[in-house]
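Each remark here refers to the structure printed beneath this line.
Hydrogens, waters and symmetry mates play no part in the numbers below; they use all other heavy atoms, side chains included. Order of the sequence lines fixes the chain letters, A, B, ..., with proteins taken first and strands second; residue numbering starts at 1 for each chain. These figures come from a predicted structure and were not determined experimentally.
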Number of protein chains: 2
Amino acid sequence: MKEDPLYKSRKVITIGVVSELTGLSERQIRYYEERKLIFPERTERGNRKYSFSDVERLIDIANKRDEGVRTYEIRQEMLKDKKREDDAKIRNQMLRGQLNARFGIPKGKN
Amino acid sequence: MKEDPLYKSRKVITIGVVSELTGLSERQIRYYEERKLIFPERTERGNRKYSFSDVERLIDIANKRDEGVRTYEIRQEMLKDKKREDDAKIRNQMLRGQLNARFGIPKGKN
DNA sequence: CGTGTAAGGAATTCTGACACG
DNA sequence: CGTGTAAGGAATTCTGACACG
C-alpha cells in the first residue's frame, strides 16, 4: 500500500529518452505498445510517459526479438507470467482468510 | 560502487514533467539552476534532464522559498551539508586506512 | 509481421531580453 | 532578487499512411 517513492514504476520518461536508454527506435517503441507489450501513460495533451520498469521491459523485449521471438509470443509469455502471479496472490489471500478465520490473525502488514 | 539501477539518481525526466511533478514553473526551475541549486544533465541537443533526486530537491527548495529563504541562503545550506558529508567520508577513509594498516582488513565491499 | 520513412501539425524546450518590484 | 512574459527558432512528439518483405 506504499506509494510514495516507487521511482521504478513512476511514469515520467518521454519517448525520446526511452529511445536513448534502450537503443530502440521510437517507431519500435510505439509499435510494441500497439501490440500491447507495454503501457505508457500520457501527459495532458498526449505525450507518452514511461517508467524505469517499462525501460527494462523494453530491453527484455528487444532481446527476445533479437532471438526471433514474435511480438505475439512475447505477449503470450507475459500473460502466462501474469496469471502465475495472480494465482499466487489468490492462494495467499485464501491462506490468510483461513488463518484469520481459525486463529484470528491480527491486522499485520504482511 | 553499484551503478546499475539507481533509479533515483538517473537523469531522465524532462523539464515539462518536472514542472508537473513539483508544481514549479519552468522559469523557476531554470532559474534555480542559474543560481546553482540544481544541476540537470542535457540531451545531445541541449534539453535538460532531471532525476527523482532533483525533483525532491526542487520540492525542498520550493518549501524554503515559501518560508522566505533566499536562493543564496539555500545554496549556503547546501554547501554546508555537502562539507559535512565530505568530512565524514574522509574520516571514514582515514579510519579504514588505520585499521587496514594495523590489522589488514580484507577487501570488504563497504 | 516488424520497421522505416515522409507529411503536417501541435506542443516542447531553449536562450536572451524586457518588465516589475 | 525572483518570476512572468512575448519572441523566434529548433527539436520533439503525435497520428495515419505507404512501403517492403
Side-chain angles (χ1 to χ4, degrees), chain A residues 10-52 54-80, chain B residues 10-52 54-80:
Chain A
R10 289 298 289 285
K11 309 255 184 180
V12 296
I13 314 176
T14 52
I15 197 167
V17 178
V18 172
S19 178
E20 286 179 20
L21 257 30
T22 61
L24 294 168
S25 68
E26 298 184 7
R27 179 69 168 96
Q28 290 174 304
I29 298 170
R30 293 197 190 98
Y31 180 67
Y32 298 150
E33 176 183 359
E34 190 183 319
R35 300 314 309 275
K36 304 207 188 299
L37 300 182
I38 196 96
F39 307 92
E41 290 180 0
R42 299 277 182 148
T43 63
E44 284 188 50
R45 45 65 62 156
N47 280 22
R48 275 166 264 249
K49 291 185 298 184
Y50 303 83
S51 66
F52 282 111
D54 292 331
V55 170
E56 290 176 10
R57 165 113 65 183
L58 282 167
I59 290 172
D60 227 73
I61 293 170
N63 290 146
K64 297 259 179 59
R65 285 290 305 128
D66 282 346
E67 296 167 19
V69 185
R70 320 286 236 43
T71 58
Y72 175 80
E73 301 168 319
I74 297 175
R75 177 155 167 70
Q76 293 310 308
E77 293 173 29
M78 275 179 45
L79 294 175
K80 212 173 281 180
Chain B
R10 289 297 290 285
K11 309 255 184 180
V12 295
I13 316 176
T14 52
I15 196 166
V17 177
V18 172
S19 178
E20 286 179 20
L21 257 30
T22 60
L24 294 168
S25 69
E26 298 184 8
R27 180 69 168 97
Q28 291 175 305
I29 297 169
R30 294 197 190 96
Y31 180 66
Y32 298 150
E33 175 182 1
E34 190 183 319
R35 300 314 309 274
K36 302 203 189 306
L37 299 182
I38 196 98
F39 307 92
E41 289 180 1
R42 300 275 183 149
T43 64
E44 283 189 50
R45 44 70 53 165
N47 282 22
R48 274 167 264 247
K49 292 185 296 185
Y50 302 83
S51 66
F52 282 111
D54 291 331
V55 170
E56 290 176 9
R57 165 112 66 184
L58 281 168
I59 290 172
D60 227 73
I61 293 170
N63 289 146
K64 296 259 180 60
R65 286 289 304 128
D66 282 345
E67 297 166 19
V69 186
R70 320 285 238 45
T71 57
Y72 175 79
E73 300 169 319
I74 297 175
R75 178 155 166 71
Q76 293 310 307
E77 292 174 28
M78 275 180 44
L79 293 175
K80 212 172 281 179

Does a side-chain N or O of [X] approach OP1 or OP2 of [N] to a distance below 4.0 Å, or not?
{"X": "B:Arg30", "N": "C:dT13", "value": "no"}
{"X": "B:Thr14", "N": "D:dT12", "value": "no"}
{"X": "A:Tyr31", "N": "C:dG2", "value": "yes"}
{"X": "B:Tyr32", "N": "D:dG2", "value": "no"}
{"X": "B:Arg45", "N": "C:dT13", "value": "no"}
{"X": "B:Ser25", "N": "D:dG4", "value": "yes"}

*Taking it one step at a time, do B:Thr71 and B:Leu37 satisfy side chain to side chain contact (heavy atoms under 4.5 Å, CB included)?*
CA-CA 8 Å; B:Thr71 57; B:Leu37 299 182; 4.0 Å; yes

Could you tell me how far apart [X] ([atom1]) and [N] ([atom2]) are, to the nearest whole angstrom?
{"X": "A:Lys49", "N": "C:dT12", "atom1": "NZ", "atom2": "P", "result": "12 Å"}
{"X": "A:Arg42", "N": "D:dT15", "atom1": "CZ", "atom2": "P", "result": "5 Å"}
{"X": "B:Ile74", "N": "D:dG2", "atom1": "CD1", "atom2": "C1'", "result": "11 Å"}
{"X": "A:Arg75", "N": "C:dG2", "atom1": "CZ", "atom2": "P", "result": "13 Å"}
{"X": "B:Arg70", "N": "D:dG2", "atom1": "CZ", "atom2": "P", "result": "6 Å"}
{"X": "B:Glu33", "N": "C:dT15", "atom1": "CD", "atom2": "P", "result": "8 Å"}
{"X": "B:Ile15", "N": "C:dA11", "atom1": "CD1", "atom2": "C1'", "result": "15 Å"}
{"X": "B:Arg27", "N": "C:dA19", "atom1": "CZ", "atom2": "C1'", "result": "11 Å"}

_Pairing of A:Arg30 and A:Glu34 as salt bridge, 4.0 angstrom limit_ =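 Between A:Glu34 and A:Arg30 there is no salt bridge, as every charged N stays at least 4.0 Å from the carboxylate O atoms.
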
*Among the nucleotides C:dG2, D:dT13, D:dG2, which one has an atom lying closest to any side-chain atom of A:Glu26?*
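Nucleotide nearest to A:Glu26's side chain: D:dT13.
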
*Sort by first number and list every stem of DNA chain D: at least 3 consecutive Watson-Crick or G-U wobble pairs, both distances under 3.5 Å.*
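For DNA chain D the paired stretches long enough to count as stems (3 pairs minimum) are C:2-5 with D:17-20, C:17-20 with D:2-5.
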
Atom pair [atom1] ([X]) and [atom2] ([Y]), whose distance is rounded to the nearest 0.5 Å:
{"X": "B:Thr43", "Y": "B:Lys49", "atom1": "OG1", "atom2": "NZ", "result": "6.5 Å"}
{"X": "A:Arg65", "Y": "A:Tyr32", "atom1": "CZ", "atom2": "OH", "result": "5.5 Å"}
{"X": "B:Lys11", "Y": "B:Ser51", "atom1": "NZ", "atom2": "OG", "result": "4.5 Å"}
{"X": "A:Asp60", "Y": "A:Glu56", "atom1": "CG", "atom2": "CD", "result": "9.0 Å"}

*Sub-3.5 Å donor-acceptor pair from the side chain of B:Lys64 to the main-chain atoms of B:Glu73, do we have one?*
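Side chain of B:Lys64 to backbone of B:Glu73, a donor-acceptor pair under 3.5 Å: no, none is there.
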
*Looking across every strand, which nucleic acid part, if any, lies under 4.0 Å from A:Thr71 by heavy atom: base, sugar-phosphate, or nothing?*
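A:Thr71: backbone/sugar contact only, no base atoms under 4.0 Å.
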
